[in-house]
Amino acid sequence: SAQLGEAANGRGLGIDVQLCSEVPADNETFLARNFTEQERAYCSNGSCPQSSFAGRWAAKEAVIKAVSSAAGTVVWTKGAGAPLNEIEVLREDGMAPVVVFHGEAKDAVEKAGVKEVKVTISHSGSYAVAMAVTQ
Amino acid sequence: SAQLGEAANGRGLGIDVQLCSEVPADNETFLARNFTEQERAYCSNGSCPQSSFAGRWAAKEAVIKAVSSAAGTVVWTKGAGAPLNEIEVLREDGMAPVVVFHGEAKDAVEKAGVKEVKVTISHSGSYAVAMAVTQ
Amino acid sequence: SAQLGEAANGRGLGIDVQLCSEVPADNETFLARNFTEQERAYCSNGSCPQSSFAGRWAAKEAVIKAVSSAAGTVVWTKGAGAPLNEIEVLREDGMAPVVVFHGEAKDAVEKAGVKEVKVTISHSGSYAVAMAVTQ
């Protein structure tokens with residue numbers, strides 16, 4: 001159907017900035033709810049887990065905004081209550097991060113007509129930023 | 001004419017970061033010059049007016065950069081002296097913000113061949129950031 | 001050949017944030033390695049060279065990420081060791097910045113199938129941010 005075709009509102013974009021210290025990177029319940037096992041392994045093994053988790057958190061928020069922007073409707077109906085581990089951000093060294101959707105997030109993104117989302121992440125000093133664009 | 005058709009320089013993009021405390025959110029003259037009544041009502045009624053005004057300010061600056069980038073010419077001929085209330089950033093809960101142009105800004109954007117600008121905003125800690133892309 | 005045609009992975013994007021004080025703007029060896037003569041003249045003559053150099057540094061990093069995102073492969077094989085003066089960011093007042101590639105960077109970008117990269121820069125308070133998108 002048309003709903004499963006093109007995004008209603010064209011290309012979508014999202015940005016997010018995050019004060020790294022606000023992300024509770026040592027709260028296991030928070031981490032399990034919002035990050036996949038693979039994400040947690042990657043972030044925990046880096047030189048600065050706090051910054052890595054903040055960057056990925058910003059990436060997930062940017063992806064939500066980009067998909068909502070493309071859809072032109074409310075896509076995440078649970079709002080701030082949605083678990084973010086359904087939006088997975090993976091990467092290999094020297095390559096751009098890749099976004100993979102799971103569960104209800106996957107269904108919502110498909111229903112919104114969004115086929116691919118690209119994301120990019122950076123952090124420096126006390127902040128992490130990320131932006132996402134739907135293709 | 002060709003000038004009223006496609007933007008000369010393709011898709012345009014703009015980013016802006018703003019230290020929230022630098023935006024004089026209690027200066028009525030500044031606010032009236034740069035924000036519409038609807039924007040002022042939205043920002044003043046939020047949980048943190050200072051951050052909301054800073055985020056919208058960043059959004060307006062990002063929009064100016066994106067339109068200039070698409071046009072490939074100087075679009076805002078008044079430079080820093082232009083009133084920013086001609087670039088209105090509206091939103092509804094759970095939806096992406098929408099940009100509406102008024103007055104001379106509307107004319108300049110049309111003349112530059114730009115048909116639509118999308119914008120996204122975020123703030124955390126002491127900073128607000130925004131980015132804009134012309135469609 | 002196909003390799004010299006379209007970017008393998010579609011449109012690419014990159015963002016970078018930089019704590020301005022971390023950029024060694026008074027280290028001549030660092031500056032010569034990473035900025036062209038024209039960039040150094042522009043940044044040194046501005047009202048705040050530290051912020052200008054940080055903004056341009058962020059722009060170059062964002063460009064590298066955007067090209068890598070478009071290519072879908074490792075483009076900068078030297079990693080953090082690559083001299084950034086091969087990615088030049090020029091601008092005129094009131095206009096968007098322009099990216100020009102030189103030397104090995106030029107070859108790598110062409111090989112990746114990327115024809116143009118747009119970039120936008122901002123700084124405020126202690127931070128500079130930039131984003132880049134391949135066209």
Side-chain angles (χ1 to χ4, degrees), chain B residues 6-23 50-51 54-55 57-82 108 112 114 117-135, chain C residues 7 10-23 46-48 50-52 54-63 65-67 69-70 89-100 114-135:
Chain B
E6 291 298 307
N9 211 15
R11 188 177 301 272
L13 62 154
I15 199 168
D16 199 75
V17 59
Q18 184 61 52
L19 183 62
C20 294
S21 61
E22 283 188 348
V23 174
Q50 182 81 39
S51 299
W57 176 269
K60 291 163 189 255
E61 292 286 336
V63 167
I64 289 176
K65 291 179 184 178
V67 172
S68 302
S69 163
T73 59
V74 177
V75 176
W76 267 263
T77 50
K78 289 182 185 171
V114 172
V117 186
K118 286 204 169 187
V119 72
T120 171
I121 308 171
S122 178
H123 51 78
S124 181
S126 306
Y127 290 87
V129 298
M131 73 162 173
V133 175
T134 67
Q135 298 287 308
Chain C
R11 188 177 302 273
L13 61 156
I15 199 167
D16 200 75
V17 60
Q18 184 61 52
L19 182 62
C20 295
S21 61
E22 283 188 348
V23 173
S47 60
C48 183
Q50 182 82 39
S51 300
S52 292
R56 262 181 178 58
W57 176 268
K60 292 163 189 253
E61 292 286 335
V63 167
K65 291 178 183 178
V67 172
S69 163
V89 180
L90 301 173
R91 67 174 306 176
E92 297 174 62
D93 284 345
M95 306 271 283
V98 173
V99 183
V100 183
V114 171
K115 273 141 192 149
E116 194 194 356
V117 186
K118 286 204 170 187
V119 72
T120 171
I121 309 171
S122 178
H123 51 77
S124 181
S126 306
Y127 290 86
V129 298
M131 73 162 173
V133 175
T134 67
Q135 297 287 307

message: Looking at Leu19(B), is its backbone amide N or carbonyl O close enough to the side chain of Tyr127(C) to form a donor-acceptor pair, meaning the two atoms are under 3.5 Å apart?
response: no
- line: Exactly one candidate in Val17(C), Val129(C), Ile121(C) meets side-chain contact (heavy atoms from CB on, under 4.5 Å) with Val17(B); the answer is Val129(C)
Contact winner vs chain B - Ser124(C), Pro97(C), Ala96(C), heavy-atom pairs under 4.5 Å: Ser124(C)
- prompt: chain C heavy atoms under 4.5 Å from Gln18(B): which part of the residue, side chain, backbone, both or neither?
  reply: both
Part of Ala66(B) within contact of chain C (heavy atom distance under 4.5 Å): neither
query: So, do Glu61(B) and Ser122(C) sit near enough that their side-chain heavy atoms are less than 4.5 Å apart?
result: no
- prompt: Which bit of Ile15(C) is near chain B, if near means a heavy-atom gap under 4.5 Å: side chain, backbone, both or neither?
  reply: side chain
- request: Select one option (side chain, backbone, both, neither) describing which atoms of Arg11(C) are under 4.5 Å from chain B's heavy atoms.
  value: side chain
statement: Okay, Ala54(B) and chain C: the region with an atom under 4.5 Å from a heavy atom over there is neither
- prompt: Okay, side chain of Lys118(C), backbone of Leu13(B): is any donor-acceptor separation there less than 3.5 Å?
  reply: no
